[in-house]
Amino acid sequence: MNSRSTPPPRAAYWWCQLGGWGAYFLVNVLTSQGFLTFSWRLVSGYAVLSVLGILLTHGFRRFILRHQWLELPIPQVIPRVVGVNFLLAFLLVVVVSVYFILVPPRVSSFGHHGRLALVATWFVFVFNDFIIFTLWSGIYFGSAYFEGQRRQEIERYQAQTALAEAELRGLKSQLNPHFFFNCLNSLRALVLENPPRAQEAITQMAAILRYHLQSGERSLVPLAEEVETMEQYLALELIRFEDRLTIERAIDPAALPFFLPPLALQTLVENAVKYGVSRDMGPGRLRLSARPHDGALEIAIGNTGSLRASAAADSTGLGLTNLRTRLRLLFGSQASLELHEPEPGWVEALLILPATKS
């Protein structure tokens, strides 16, 4: 089994349960004619047997899901399933034997070897039921495996689609025209005041544009590349804000090889600038931190401002919402992105990703 195995759909599961155990009931009734006289007691006994089979296998299924056996590798699953199947078969035959003792069917052909034949039949039933439970387990685990593979293929396709859409939306949101218009206005003044700095800013703009256009080719990139693009973005913003913007960095070099979705870091930084620093005419502060922590990559982007203004980014349907969708498709529940306000006047976006690196 792999880590993406999932249980079969509920409707299909119950149809298989009813169909399989119903067929088991009919086979038992038909094959018992050689040694037991047909009667409604016999039919009711095999009906109890089939109902108990449904209840026991359904309980086993709940046990499997609760203890996450679908997540275990096959060599660890097989001995556990074999042991449980034997116990279920033994329990099933014991319960049905008690039922037949209380409501005995009429024996037709055991003769003077009746007791010996009954004991032998009892062991045969245990073995047969063990085979039935083993067959049930094989079908259930096999269905879970193929269902997991199918969902994994669907999620992989959705991730590729989301990344392609992110690339197209990048020119609308992450590469929003306001940012470039502001940069061009700043460059117009720099061309006369500081031509070398203006040339450098144009180079930085071209690098950011190139990175955005190429980002759709990969689903994950090293943090080092994201930091490089972020620094180019901040350098351009410093032209506009000058002394109004103070930037603090606390990026652990050990975090640089770890991977994250492309444009994730700039999305958070741009959100912090747009809904924090640019809305306050006074001095603004931006703090960037990244570190490996407890087997995960933890990135925090803090800025002066209020949570209400920052949370407005979620209502656009782009930006943070788009990033959360990509995180879910790429990492499932292993990744998270939360906005919180640890203290008045300070907003922080906390991104936690599974620690993966080349």
Side-chain angles (χ1 to χ4, degrees), residues 1-7 68 70-71 73 144-175 208 210-230 233 251-252 254-272 288-301 311 313-314 316-340 348-358:
M1 235 44 61
N2 60 44
S3 60
R4 301 304 298 275
S5 295
T6 53
Q68 299 181 340
L70 295 178
E71 309 288 332
Y145 174 80
F146 287 111
E147 179 67 17
Q149 290 292 317
R150 186 182 69 85
R151 291 192 180 186
Q152 192 172 12
E153 288 296 328
I154 292 174
E155 290 180 0
R156 185 181 297 113
Y157 174 78
Q158 290 176 336
Q160 293 172 350
T161 302
L163 290 172
E165 292 174 352
E167 182 181 5
L168 294 175
R169 288 199 295 261
L171 296 176
K172 293 181 181 179
S173 58
Q174 294 153 337
L175 278 179
I208 294 175
R210 185 182 303 109
Y211 182 78
H212 278 255
L213 294 177
Q214 295 176 349
S215 63
E217 299 175 2
R218 295 177 293 174
S219 59
L220 297 172
V221 296
L223 177 62
E225 293 186 17
E226 285 283 289
V227 170
E228 182 180 356
T229 301
M230 178 200 67
Y233 167 80
I251 298 177
D252 188 340
L256 295 178
F258 290 93
F259 282 83
L260 71 165
L263 309 178
L265 190 59
Q266 185 173 334
T267 298
L268 297 177
V269 172
E270 187 171 345
N271 185 78
L288 319 169
S289 67
R291 59 168 182 160
H293 180 65
D294 289 341
L297 174 62
E298 184 178 288
I299 298 174
I301 308 296
D314 286 341
T316 64
L318 300 169
L320 297 184
T321 301
N322 176 51
L323 178 56
R324 284 195 175 102
T325 301
R326 294 165 62 200
L327 292 174
R328 178 178 57 82
L329 293 174
L330 288 168
F331 304 110
S333 61
Q334 293 180 293
S336 63
L337 172 59
E338 300 294 337
L339 285 176
H340 63 105
E348 185 176 78
L350 181 61
L351 173 62
I352 299 178
L353 302 171
T356 57
K357 61 180 179 179
S358 56

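Sequence positions, counted from 1, serve as the residue numbers for this chain.
F259 has its side chain out of reach of L330: every pair of non-hydrogen atoms, C-beta onward, lies at least 4.5 Å apart. The closest side-chain heavy-atom distance from L268 to L323 is below 4.5 Å. Under the 4.5 Å side-chain criterion, counting only non-hydrogen atoms from C-beta, R291 is in contact with E298. In this structure, P261 and L353 have side chains that are in contact, with non-hydrogen atoms separated by less than 4.5 Å.
Distance check: E348 CD to H340 NE2 gives 4.0 Å after rounding to the nearest 0.5 Å. Here the straight-line distance linking atom CD1 of I299 with atom CG of D252 works out to 12.0 Å at 0.5 Å rounding. The distance from the CG atom of L288 to the CG atom of L265 is 7.0 Å, given to the nearest 0.5 Å.
A distance-only check finds a donor-acceptor pair linking the side chain of E226 to the backbone of L263 [under 3.5 Å]. Put simply, the side chain of R326 never gets that close to the backbone of A264: no donor and acceptor are under 3.5 Å apart.
For the residue pair F258 and L297, the shortest heavy atom distance occurs at CB-CD2, 3.9 Å. Residues L223 and L260 share a closest heavy-atom pair of CA-CD2, 3.5 Å. Nearest heavy atoms, L327 versus L351: CD1-CD1, 3.5 Å. Nearest heavy-atom pair across P354 and F331 is CG-CD2, 3.3 Å. Considering every non-hydrogen atom in both L339 and R324, the closest pair reads N-NH2, 4.3 Å. Considering all non-hydrogen atoms of both residues, I352 and A296 come closest at CG2-CB, 3.9 Å.
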